[in-house]
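One structure is given below, encoded as structure tokens.
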Amino acid sequence: MTQPKFSTVMDWSQRFSLLEEDVVFRHKAEPRSPRVTIGLPTYRRGATIDRALTAIAKQTYRDFVVLVSDNAGRDEATLEAIQRAAPHIPEICLIAQHENIGALANINKLLGLADTEYFMWLADDDEITETYLAELVLLLDSAPDSPSAMGRWKKMENLENGDLARQHRSDADGRFARVFSYVAFGRDDTLFYGLHRTQVLRQGQFAGFAWPNRNMLTNWCYVFLFDLIWKGPIAYSDNAAWVSHNYTEKQYDRSNAVTLSDRAKTFVRRFNVFWLYCAKTARQNPVMLFATIPASIIGFGYDLASAVYRVGARFFRRGSAS
């Protein structure tokens, strides 16, 4: 299915009003004042959203509200899943977009609607462990200099099997060490699904990649998260986990380096990531380029070496098979 074209130029500080004509379903099961908003973007995922909602319903921390933004308009399967979960969730609201505004705009819309102290995104096919919110709220309450908190990462290979995966931790107190480590050695963007201070998160920026990756979302989170890493050390908990189901079909274009053209686009996109790190650094504090530039050389060199290795391994396997 052909995906619609969309803009990656977003104002992440923009606020939106919740319009009644956009609300498909709203239910408040518990009389609480939420401190956390869970933003759940979705698109025709009635078959998998049950999993995310079930995990949310089991949270031991209860001062939260769930906002679901359906990019497919009024999808009955999604509505039915939310109605089933609603009695077990403190507060939930489903809104429908009148047209497919693109995955990134849908993510942005949820942040713009939030009016709580803390905010997190959760994919409509992923899960969080029962103490996820409790652990991360406690961390942020006790670490005022941390813009975000994150749990462990459990990477599922299928519905039944998964293991804790290695995460890069941006928890150094010093900005130089933190930025250098993230740019040079950051190989995952799991922090995106952590818990964030809403006002700090709204200061993040991503204006899109250059051609030929202008409408590609792959790796965009790295650039956006750079602004959080810049702000302060990330707090981590080993007692809770985000559970990712990456094997399921996604609602956005992903980069698959199959042809030579695809590989060239991937090469350009990764170069763009490091270029944007340096551009952001130059705007905020040029002295910090002494960290970002050498870290970018290391990071991009690693990506290049990995690409050469994968291509070489592929040719070796073909040669062995023949």
Side-chain angles (χ1 to χ4, degrees), residues 1-6 22-27 29 37-59 64-111 113 119-130 132-133 151 153-165 189-190 192-194 216-218 220-221 240-256:
M1 181 176 65
T2 302
Q3 299 290 339
K5 297 297 182 182
F6 57 90
D22 295 335
V23 176
V24 177
F25 177 84
R26 186 178 353 208
H27 184 267
T37 297
I38 301 176
L40 205 161
T42 190
Y43 179 80
R44 295 178 181 169
R45 303 298 293 279
T48 62
I49 199 171
D50 267 322
R51 183 164 60 221
L53 293 171
T54 298
I56 291 171
K58 292 179 179 179
Q59 291 301 296
F64 68 88
V65 58
V66 179
L67 293 178
V68 183
S69 179
D70 193 343
N71 223 358
R74 185 186 174 99
D75 181 70
E76 291 303 320
T78 299
L79 174 58
E80 290 171 7
I82 288 173
Q83 288 174 329
R84 287 193 299 270
H88 311 290
I89 292 174
E91 185 176 354
I92 189 166
C93 181
L94 169 65
I95 64 172
Q97 302 301 329
H98 299 293
E99 61 180 356
N100 188 340
I101 60 176
L104 196 61
N106 205 25
I107 290 169
N108 176 268
K109 186 67 176 284
L110 288 165
L111 177 60
L113 287 169
F119 179 90
M120 68 168 286
W121 286 287
L122 183 65
D124 56 9
D125 56 350
D126 288 343
E127 303 169 85
I128 48 179
T129 55
E130 293 182 11
Y132 194 78
L133 289 182
W153 171 25
K154 186 174 183 180
K155 187 175 182 180
M156 303 299 291
E157 300 299 328
N158 51 53
L159 278 173
E160 304 296 332
N161 302 305
D163 297 294
L164 290 174
D189 55 3
T190 58
F192 184 77
Y193 294 105
M216 185 63 64
L217 286 186
T218 303
W220 83 274
C221 288
W242 164 63
V243 184
S244 67
H245 294 261
N246 288 341
Y247 55 87
T248 56
E249 183 182 354
K250 303 299 179 183
Q251 59 168 303
Y252 50 85
D253 289 337
R254 290 191 288 187
S255 174
N256 295 307

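Of all heavy-atom pairs spanning Met120 and Tyr193, the tightest one is CE-O, 3.9 Å. Taking each heavy atom of Ala123 and Ala52 in turn, the nearest pair found is O-CB, 3.8 Å. Nearest heavy-atom pair, Pro87 versus Ala29, reported as atom, atom and distance to 0.1 Å: O-CB, 3.8 Å. Counting all heavy atoms, side chain and backbone alike, Arg44 lies closest to Ala72 at CG-CB, 3.5 Å.
Going from atom SG of Cys93 over to atom CG of Leu40 covers 12.5 Å, rounded to the nearest 0.5 Å. Between Ser244 atom OG and Glu127 atom CD the span is 10.0 Å, to the nearest 0.5 Å. Atom NE2 in His245 sits 9.5 Å away from atom OG1 in Thr48 (nearest 0.5 Å). Of the inter-residue distances, the one linking Phe25 atom CZ with Leu79 atom CG reads 7.0 Å to the nearest 0.5 angstrom. To the nearest 0.5 Å, atom CZ of residue Arg45 and atom CG of residue Asp125 are 4.5 Å apart. Rounding to the nearest 0.5 Å gives a distance of 12.0 Å between CD1 of Ile101 and OH of Tyr43.
Counting only residues at least two apart or on different chains, the side-chain hydrogen bond (donor to acceptor under 3.5 Å, both in side chains) pairs with a member in residues 80-90 are Asp50-Arg84. For residues 70-79, the set of pairs meeting the salt bridge (charged side-chain N to carboxylate O under 4.0 Å, His left out) definition, not counting sequence neighbours, comprises Arg74-Glu76.
For Gln97, the side chain to side chain donor-acceptor pair (under 3.5 Å) partners two or more places apart in sequence, or in a different chain, are Ser69. With sequence neighbours excluded, the residues that form a ring pair (Phe, Tyr, Trp, His ring centres under 6.0 Å) with Phe192 are Trp121, Trp220. For Glu91, the side chain to side chain contact (heavy atoms under 4.5 Å, CB included) partners two or more places apart in sequence, or in a different chain, are Lys28, Pro34, Val65. With sequence neighbours excluded, no residue forms a side chain to side chain contact (heavy atoms under 4.5 Å, CB included) with Ala47. Take Phe64 and apply the ring pair (Phe, Tyr, Trp, His ring centres under 6.0 Å) test, not counting sequence neighbours, and it matches no residue. With sequence neighbours left out, Asn158 forms a side chain to side chain contact (heavy atoms under 4.5 Å, CB included) with Glu160, Asn161. Residues that satisfy the side chain to side chain donor-acceptor pair (under 3.5 Å) test with Thr129, not counting sequence neighbours, are absent from this structure.
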Item checked: Check against side-chain contact (heavy atoms from CB on, under 4.5 Å), Trp242 and Leu122 -> CA-CA 9 Å; Trp242 164 63; Leu122 183 65; 4.1 Å; yes
Check: Step by step, would you call Phe119 with Leu110 a side-chain contact (heavy atoms from CB on, under 4.5 Å)?
Finding: CA-CA 9 Å; Phe119 179 90; Leu110 288 165; 4.2 Å; yes
Next item on the list: Dump the intermediate steps for side-chain contact (heavy atoms from CB on, under 4.5 Å) on Ile38 and Leu133, then the final yes or no.
Entry: CA-CA 10 Å; Ile38 301 176; Leu133 289 182; 3.9 Å; yes
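In this structure the side chain of Ile92 reaches within 4.5 angstrom of the side chain of Leu53, judged on heavy atoms. Residues Val68 and Ile49 are in side-chain contact: their nearest non-hydrogen atoms beyond the backbone lie under 4.5 Å apart. At least one side-chain heavy atom of Arg51 sits less than 4.5 Å from a side-chain heavy atom of Leu159. For the pair Val24/Ile82, no side-chain contact is recorded, criterion being any heavy-atom separation below 4.5 Å from C-beta on. Within the 4.5 Å cutoff, the side chain of Pro41 has no heavy atoms near those of the Asn71 side chain.
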